[in-house]
Amino acid sequence: MGRRWPRTRTLGAFAAGLLIASTVAAQTPRLVLRGQRWLPSEVDSARALTHEPAECLTLPTDPILRHSIEIGRAAFRSPLILGGQAARAGLTCETCHRNGRRNPDFAFPRVSGAPGTADVTSSLFSSHRGDGVFNPKPIPDLAMPKAQLKVDQTSPHLETFIHGQVTEEFDGFEIPSAVLRGLADYVRGLSPTACPDTTDQVVGVANLLSDTDRALIAAQRLAAEGDRPAAIAMVASARARLFLVDERFAAPAPAQDRRALRRLDGTLAQAAQGLRGSTPDAAAGLAKSRKALADLGPRLRRSAPQSLFNPALLRAAMDGRLPRPPS
């Protein structure tokens with residue numbers, strides 16, 4: 001069994017841990033974004049970081065299942081679900097399975113062989129399953145036909161499989177039952193029949209802000225249900241998605257936008273603290289966070305062309321033709 005879900009973890013904690021994967025930086029152009037740390041040198045980093053596979057997910061009409069899938073979707077995108085070295089590096093389930101698909105460009109030192117592979121029994125990530133043998137395997141696309149996957153996603157044993165991945169394959173903490181159930185429901189909800197016509201999509205500020213808000217909506221409902229540990233996990237996911245916005249709003253994006261993002265992250269941190277302390281105004285903290293996010297969103301979308309969401313500016317930053325982001 002894994003450890004208990006931690007009561008206190010913040011975006012700052014895992015943001016500081018991003019430095020551990022710096023060995024990959026030597027393979028890439030100037031290090032600008034976290035995701036560059038697991039890209040091989042031969043990949044067009046700017047292209048890889050501004051495009052992602054389209055998500056093959058159709059949300060059901062049943063409100064209970066839809067809520068569970070939203071919980072899982074948010075958790076799938078949070079580094080705090082994993083543990084040990086992976087969490088400190090900022091890896092998420094989505095790192096290898098972008099939008100639930102696969103990541104053909106993933107290349108992590110001592111874990112990957114060819115790009116798009118990973119050794120799931122690496123001692124680097126797991127003290128439970130490390131076998132001392134380097135045997136990376138292709139990362140599967142979770143939306144592809146179920147027969148191609150290791151575990152039958154229609155099986156009731158999927159939760160057990162995911163639990164083992166989190167607590168043993170990545171040395172993660174025990175996660176709230178609603179989050180584990182949500183992860184299984186999200187994976188079950190991915191299907192080739194739900195894939196849109198487009199093969200990929202642009203990584204934009206609107207996508208990440210939408211992910212942030214969806215995680216906060218899930219947090220609000222969980223808090224109303226009295227499941228505060230799961231609500232805290234959703235706030236952590238919201239902060240993780242907001243971090244991805246913040247790092248792309250480094251110079252030359254307007255400094256006031258960066259300050260506004262930091263203030264919003266502080267509001268989210270206060271909301272999480274309210275949930276941990278079981279304070280009566282915890283629900284108000286979540287509502288305040290969503291209001292602040294809604295107010296900030298239009299401004300960030302207007303400024304996005306001046307940020308590293310702009311592929312041309314991102315490429316220039318990687319080439320050293322723009323100021324480095326502040327540390």
* Of R258, R241, R239, R262, the residue whose pairing with D246 passes side chain to side chain donor-acceptor pair (under 3.5 Å) -> R262

* Asked: Among pairs that include at least one residue of residues 217-269, which meet disulfide (SG to SG under 2.5 Å), considering only residues two or more places apart or in two chains?
  -> none

* To do: Keeping to residues at least two apart or across chains, list the disulfide (SG to SG under 2.5 Å) pairs with something in residues 89-119.
  => none

Connected via hydrophobic side-chain network under 4.5 Å: [X] and [Y]:
X    : Y    : value
L59  : Y186 : yes
L124 : F170 : yes
V202 : L33  : no
I217 : L57  : no
V203 : V43  : no

Nearest 0.5 angstrom please: [X] [atom1] to [Y] [atom2], how far?
X    : Y    : atom1 : atom2 : answer
L222 : L216 : CG    : CG    : 11.5 Å
L91  : S78  : CG    : OG    : 12.0 Å
N103 : W38  : CG    : CH2   : 10.0 Å
D227 : I71  : CG    : CD1   : 7.5 Å
R102 : M144 : CZ    : CE    : 10.5 Å
H51  : D200 : NE2   : CG    : 5.5 Å

* To do: For the pair V205 and F249, evaluate side-chain contact (heavy atoms from CB on, under 4.5 Å) and give the outcome as yes or no after the intermediate values.
  => CA-CA 10 Å; V205 65; F249 269 80; 4.2 Å; yes

Is any side-chain heavy atom of [X] closer than 4.5 Å to a side-chain heavy atom of [Y]?
X    : Y    : result
E55  : N207 : no
P115 : E42  : yes
I69  : P60  : yes
H97  : P140 : yes
R259 : Q256 : yes
R248 : L314 : yes

If every non-hydrogen atom of [X] is compared with every non-hydrogen atom of [Y], which pair is closest and at what distance?
X    : Y    : value
A272 : I232 : O-CG1, 4.3 Å
A48  : R98  : O-NH1, 2.9 Å
A118 : F106 : CB-CE2, 4.3 Å
A87  : P79  : CB-O, 3.6 Å
L183 : F76  : CD2-N, 3.7 Å
I81  : A75  : CG1-O, 3.2 Å

Within the side chain of [X], is there an N or O that forms a donor-acceptor pair under 3.5 Å with the backbone of [Y]?
X    : Y    : result
D319 : R321 : no
Q306 : A253 : no
T267 : R263 : yes
T95  : T92  : yes
D213 : S210 : no
S68  : L65  : no
Q36  : R30  : yes
H128 : E169 : no
S289 : G285 : yes

* For L296 and L209, run side-chain contact (heavy atoms from CB on, under 4.5 Å): C-alpha distance rounded to whole Å, both residues' side-chain angles, the deciding distance at 0.1 Å, then the answer. => CA-CA 10 Å; L296 181 57; L209 293 179; over 6 Å; no

Inspect the contact between [Y] and [X] and indicate whether a charged nitrogen and a carboxylate oxygen are less than 4.0 angstrom apart.
X    : Y    : answer
R77  : E52  : no
E70  : R221 : no
R110 : D119 : no
D185 : R188 : yes

* **Residues Q85, D171; criterion side-chain contact (heavy atoms from CB on, under 4.5 Å); working and verdict** => CA-CA 8 Å; Q85 184 85 319; D171 283 353; over 6 Å; no

* **Candidate pair H163 and E168, rule side chain to side chain donor-acceptor pair (under 3.5 Å), full reasoning** => CA-CA 8 Å; H163 178 271; E168 296 183 4; over 6 Å; no

* **salt bridge (charged side-chain N to carboxylate O under 4.0 Å, His left out) between R66 and D62, intermediate numbers included** => CA-CA 6 Å; R66 188 185 185 100; D62 176 67; over 6 Å; no

* Structure fact -> Those residues at least two apart in sequence (or on a different chain) that pass salt bridge (Lys or Arg N to Asp or Glu O under 4.0 Å) with R101 are D141

* May I have the step-by-step check of side-chain contact (heavy atoms from CB on, under 4.5 Å) for T121 and N135, ending in yes or no? => CA-CA 8 Å; T121 55; N135 52 356; 3.2 Å; yes

